[in-house]
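The structure presented is a predicted model; accordingly, all values stated were derived computationally and were not measured.
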Amino acid sequence: MQEPQTSVDTTANEQAVNEAHPEQSTENHEARIAALEVALEEAKAQVLYVKAEGENVRRRALDDIDKARKFALEKFSGELLAVKDSLDAALTVENADVASYKNGVELTAKQLLGVFEKFNIAEINPLGEKFDPNKHQAISMVPAEGEPNTVLSVLQKGYALNERVLRPALVTVIQAK
């Protein structure tokens, strides 16, 4: 019965064959080197492909970001064009009285409010509310009847986009006595 060969026995056998036939050993090494060179070239090509693909993905993402910045307001701008058209039409009217201008301005204001609602722009009109420094900017404090730190008058309405203040309301606040 024969014993199984160990790796030491296998290496010894290969050395014995290589010593007996040195030209065959050189051919094996050359073939192995050629195969490894082919594998190395394939690996290099794969690395270059993956690198180029990563660069293409990065470039496409940057292009998408750039387009998003450029055209983020496209829908909003399109909606505002209707309001602008209404204002232009009002300016072209030759013989109009104050009442017709007032009606036109009211309709245009309704159009604008519709655009604001569509894009979640909310008006901040805090008359009679407690002063909130996050949403209001106090221009002055005046002594008056009422609870201190309550908004007495609104000089300019504020606006918020998706509950984020775009412009605080300019207000006058009741002063504590």
Side-chain angles (χ1 to χ4, degrees), residues 38-177:
V38 168
L40 178 63
E41 290 303 315
E42 288 175 1
K44 283 181 180 178
Q46 282 181 326
V47 166
L48 288 175
Y49 174 78
V50 168
K51 188 176 179 181
E53 184 63 26
E55 185 62 27
N56 288 340
V57 166
R58 187 186 70 77
R59 193 177 315 115
R60 278 193 298 266
L62 288 175
D63 287 345
D64 289 346
I65 290 168
D66 190 40
K67 285 179 185 174
R69 281 188 193 125
K70 281 183 179 177
F71 302 110
L73 294 175
E74 186 175 17
K75 289 181 182 179
F76 182 72
S77 300
E79 293 290 329
L80 281 182
L81 291 178
V83 176
K84 170 78 167 91
D85 291 342
S86 294
L87 291 171
D88 288 343
L91 292 174
T92 61
V93 174
E94 293 291 325
N95 297 324
D97 60 355
V98 175
S100 65
Y101 273 127
K102 185 175 182 202
N103 289 338
V105 169
E106 287 172 350
L107 289 174
T108 305
K110 284 181 184 176
Q111 267 184 316
L112 187 58
L113 286 176
V115 171
F116 282 7
E117 285 176 11
K118 188 172 186 176
F119 290 95
N120 296 320
I121 298 173
E123 192 175 87
I124 301 172
N125 189 5
L127 187 61
E129 295 178 8
K130 198 77 167 154
F131 176 75
D132 180 355
N134 297 315
K135 295 180 181 180
H136 315 140
Q137 182 176 346
I139 299 300
S140 64
M141 294 186 79
V142 295
E145 291 297 317
E147 188 177 336
N149 295 324
T150 301
V151 174
L152 180 66
S153 65
V154 178
L155 304 167
Q156 185 180 57
K157 295 177 185 174
Y159 291 92
L161 174 63
N162 293 318
E163 297 182 21
R164 182 177 177 186
V165 176
L166 290 173
R167 181 179 80 190
L170 300 179
V171 299
T172 300
V173 180
I174 298 175
Q175 186 176 24
K177 293 182 181 182

Participant: So Gln111 and Ser86, do their side chains get closer than 4.5 Å, heavy atoms only?
Facilitator: yes
Participant: Are any of the side-chain nitrogens in Arg59 or Asp63 under 4.0 Å away from the carboxylate oxygens of its partner?
Facilitator: no
Participant: I'd like to check the side chain to side chain contact (heavy atoms under 4.5 Å, CB included) partners of Glu106; sequence neighbours left out, ordered by chain and number.
Facilitator: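 If we apply the side chain to side chain contact (heavy atoms under 4.5 Å, CB included) test to Glu106, skipping adjacent residues, the hits are Lys102, Asn103.
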Participant: Atom CD1 of Ile121 and atom CG of Leu113: how far apart are they, to the nearest 0.5 Å?
Facilitator: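 Answer for the CD1-CG pair, Ile121 versus Leu113, is 10.5 Å.
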Participant: Apply side chain to side chain contact (heavy atoms under 4.5 Å, CB included) to Asp97 and list each qualifying residue two or more places apart in sequence or on a separate chain.
Facilitator: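 In terms of side chain to side chain contact (heavy atoms under 4.5 Å, CB included), with neighbours along the sequence ignored, Asp97 is linked to Ala99, Ser100.
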Participant: Set out, in order, the CA-CA distance, both residues' side-chain angles and the distance that settles salt bridge (charged side-chain N to carboxylate O under 4.0 Å, His left out) for Lys84 and Asp88, then state yes or no.
Facilitator: CA-CA 6 Å; Lys84 170 78 167 91; Asp88 288 343; 2.8 Å; yes
Participant: Let's go through Ile124 and Tyr159 carefully: what are the C-alpha distance in whole Å and the side-chain angles of both, what is the deciding distance for side-chain contact (heavy atoms from CB on, under 4.5 Å) to 0.1 Å, and is it a yes or a no?
Facilitator: CA-CA 5 Å; Ile124 301 172; Tyr159 291 92; 5.8 Å; no
Participant: For the residue pair Asp132 and Pro126, establish whether any side-chain heavy-atom pair is separated by less than 4.5 Å.
Facilitator: no
Participant: Name all residues meeting the side chain to side chain contact (heavy atoms under 4.5 Å, CB included) criterion together with Leu127; count only those two or more places apart in sequence or in a different chain, and write none if there are none.
Facilitator: Asn125, Val154
Participant: Distance check, rounded to the nearest 0.5 Å: Leu166 atom CG versus Leu161 atom CG?
Facilitator: 5.0 Å
Participant: Partners of Tyr49 by side chain to side chain contact (heavy atoms under 4.5 Å, CB included), sequence neighbours excluded?
Facilitator: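 Tyr49 satisfies side chain to side chain contact (heavy atoms under 4.5 Å, CB included) with Glu53 only.
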Participant: Which atom pairs, one a donor and one an acceptor, fall under 3.5 Å between side chains of residues 141-153 and the rest of the protein, sequence neighbours left out?
Facilitator:
residue, atom, partner, partner atom, Å
Glu145, OE2, Lys177, NZ, 3.2
Glu147, OE2, Lys130, NZ, 3.0
Thr150, OG1, Glu147, O, 2.8
Ser153, OG, Thr172, OG1, 3.3

Participant: With heavy-atom distances below 4.5 Å as the criterion, would you say the side chains of Pro168 and His136 are in contact?
Facilitator: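 A side-chain contact is absent here, since even the closest heavy-atom pair is not under 4.5 Å.
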Participant: Under 3.5 Å, sequence neighbours excluded: what are the donor-acceptor pairs made by side chains of residues 68-83?
Facilitator:
residue, atom, partner, partner atom, Å
Ser77, OG, Leu73, O, 2.7
Glu79, OE2, Lys118, NZ, 2.8

Participant: With heavy-atom distances below 4.5 Å as the criterion, would you say the side chains of Arg167 and Gln137 are in contact?
Facilitator: no
Participant: Under 6.0 Å from the CZ atom of Arg164, do we count more than 12 heavy atoms belonging to anything else shown?
Facilitator: no
Participant: Roughly how far, to the nearest 0.5 Å, is the CZ atom of Phe131 from the CD1 atom of Ile174?
Facilitator: 13.0 Å
